[in-house]
Amino acid sequence: MWRTFFIFTQIIVMEYQSIQESFLNIFNTNPEVIIQSPGRINLLGEHTDYNDGMVLPAAIDKSIVVALGKSDNQSNWVSYNYNETYTTDIQTFEKNSHHWTSYIKGVVNELLSLGKKIPNFNMVFGGDIPLGAGLSSSAALETGIIAGLNELFYLQLSKLDIIQIAKKAENNFVGVNCGIMDMFANVKSMKDHVLLLDCKTLEFSYFKFDNSKYSIILCNSGVSHQLVDSQYNLRRKSCMDGVAILNSQKPTINSLRDATMEDLLNYKNLFDPITFNRCLYVIEESIRMNLALESLQNNDYQSFGKIMYQTHLGLKNDYEVSCEELDFLVEKAMSFPNTMGSRMMGGGFGGCSINLIEAGYEAAFMQFIDTAYFSNYGKKMEIYPVKITNGLERIA
Ligand code: ADP
Ligand code: MG
């Protein structure tokens, strides 16, 4: 059953107090649990997760706040950003997916199938992560709700459980074949660090990121990733085709992670040019990751930035997942004197570019890129300066 609340006006920046107050206004009682769940960026390691490779994400200071409380005979879920309420009964809720409710039903469904008892609950959630911009608002919402239910109903879930349940919800219910990086970053991140995640073993470690000397600024191309699902599946298939070729020659290669550049070049004649280029990108990205980690350890952000730019060129030319607007943003950013590095971020065909800018030049950069985008495309672009924060936290 759908009902719309008009008690809210336009929402731009969300404070957790607003969500708490909304909960109080709507349900006449305070929420019992409030969780803050951040969005994430990925510094390096694009399209490597499904090749068993490494990624380097971090949570950011844009988040979703989820406020929850127990309820007797029905569940009322309120999306603050959409000004909409969905009412249902957990015992009988319909398994259809609709809009934002899929993310909630998806996690409830996974919890129920794990044998967890989930009674009805009321919830208000909302935040300032731009939706569909590649900053993982969906993962933030899923992990935020699971963490909230974990606290509310003493489900005894570990952080890793929360990550894995969120991934399953998105894969099985929402129907997006995403990897585990988004959820992992949004639960396990640490302030002022980037998180190195091995997508095969799920081993992870932290690398210091000097937020005081270098700033991260995201430019939203404004293009929505329409092609992303079909093209994403095609890229995954090319990688699997490449692995099959390499494996037929060298059985120890079971994913592109296991292949070296030498392997690829040795068997180049067995590849068609497109499959070769896709595999080339992935293997180069894994080499770049090692170099980038070395640069971070040496505080060498100049080299780190150059590697980001090389990643962009690989994504544009060999993996072919960029688009004109992203290329424009990256080329313009690279022409700004205090840009250390720039690249498209995420699956591709839209979303944001990520830019590493020398501290002190943030405003000048934003002015520069905004003007360039406006004069080329005739419309304003959204720009987000972001800081690296801790992962998901219970804040009340
Ligand atoms: P991304 O994860 O890159 O932001 P997705 O398309 O995976 O993009 O997820 C965006 C969807 O997640 C939205 O369209 C909406 O259904 C849901 N969602 C995320 N955050 C919120 C929110 N604050 N309020 C309502 N729905 C949300
Ligand atoms: Mg998402």
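In this chain, numbering begins with 1 at the start of the sequence shown.
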> Can you run down the side chain to side chain donor-acceptor pair (under 3.5 Å) pairs that involve residues 164-175, sequence neighbours left out, and say none if there aren't any?
Glu110-Asn172, Ser138-Glu170, Lys167-Asn171

> Is there a donor-acceptor contact under 3.5 Å from the side chain of Asn42 to the main chain of Leu56?
yes

> Rounded to the nearest 0.5 Å, what separation is found between the CD atom of Glu285 and the CG atom of Leu256?
12.5 Å

> Tell me every residue that passes side chain to side chain donor-acceptor pair (under 3.5 Å) with Thr48, counting only those two or more places apart in sequence or in another chain.
none

> Around atom NZ of Lys208, are there more than 12 heavy atoms of other residues, nucleotides or ligands at under 6.0 Å?
yes

> Checking His312 now: which residues fulfil ring-ring contact (aromatic ring centres under 6.0 Å, His included) with it, not counting sequence neighbours?
none

> Look at the side chain of Asn120 and the backbone N and O of Asp89, then say whether any donor-acceptor pair between them is shorter than 3.5 Å.
no

> Please list all pairs passing the ring pair (Phe, Tyr, Trp, His ring centres under 6.0 Å) test where one or both residues lie in residues 147-171, with sequence neighbours left out.
none

> Check side chain to side chain donor-acceptor pair (under 3.5 Å) between Asn30 and all other residues, then give those that pass, not counting sequence neighbours.
none

> Among residues at least two apart in sequence or on other chains, which ones pass salt bridge (Lys or Arg N to Asp or Glu O under 4.0 Å) with Glu32?
Lys70

> Would you please say whether a donor-acceptor pair under 3.5 Å links the side chains of Asn76 and Thr85?
no

> Can a donor-acceptor pair be found between the side chains of Ser212 and Asp210 at a distance below 3.5 Å?
yes

> Can you tell me if Arg235 uses its side chain to pair, donor with acceptor, with the backbone of Tyr319 under 3.5 Å?
yes

> Can you establish whether the number of heavy atoms outside Gln91 located under 6.0 Å from its atom CD is more than 12?
yes

> Tell me, which pairs form a salt bridge (charged side-chain N to carboxylate O under 4.0 Å, His left out) where one or both residues lie in residues 241-262, sequence neighbours left out?
Asp198-Arg257, Lys237-Asp241, Lys250-Asp263

> Under a 3.5 Å cutoff, is there a donor and acceptor pairing between the side chains of Ser63 and Gln36?
yes

> Please say yes or no: joined through hydrophobic side-chain contacts below 4.5 Å, possibly via intermediate residues, are Met340 and Leu313 part of one cluster?
no

> Restricting to ring-ring contact (aromatic ring centres under 6.0 Å, His included), what partner residues turn up for Phe336, sequence neighbours left out?
Phe365, Phe368

> Please enumerate all residues that pass side chain to side chain contact (heavy atoms under 4.5 Å, CB included) together with Thr29, with sequence neighbours excluded.
Phe23, Phe27

> Identify, with sequence neighbours excluded, every residue that meets side chain to side chain contact (heavy atoms under 4.5 Å, CB included) alongside Asn220.
Ala133, Cys352, Glu382, Tyr384

> CD/Glu142 to OG/Ser37 distance, rounded to the nearest 0.5 angstrom?
9.5 Å

> Is the distance from the ring center of His99 to that of Tyr86 below 6.0 Å?
no

> Side chain to side chain donor-acceptor pair (under 3.5 Å) with Asp61: which residues, sequence neighbours excluded?
none

> Between Arg343 (side chain only) and Gly305 (backbone N and O only), is there a donor and an acceptor less than 3.5 Å apart?
no

> Strictly under 6.0 Å, is that where the ring centroids of Tyr50 and Tyr232 end up?
yes

> For the backbone of Lys191 and the side chain of Asn390, can you confirm whether one donor and one acceptor N or O come within less than 3.5 Å of each other?
yes

> Looking at residues at least two apart in the chain, or sitting in another chain, which of them share a side chain to side chain donor-acceptor pair (under 3.5 Å) with Ser286?
none

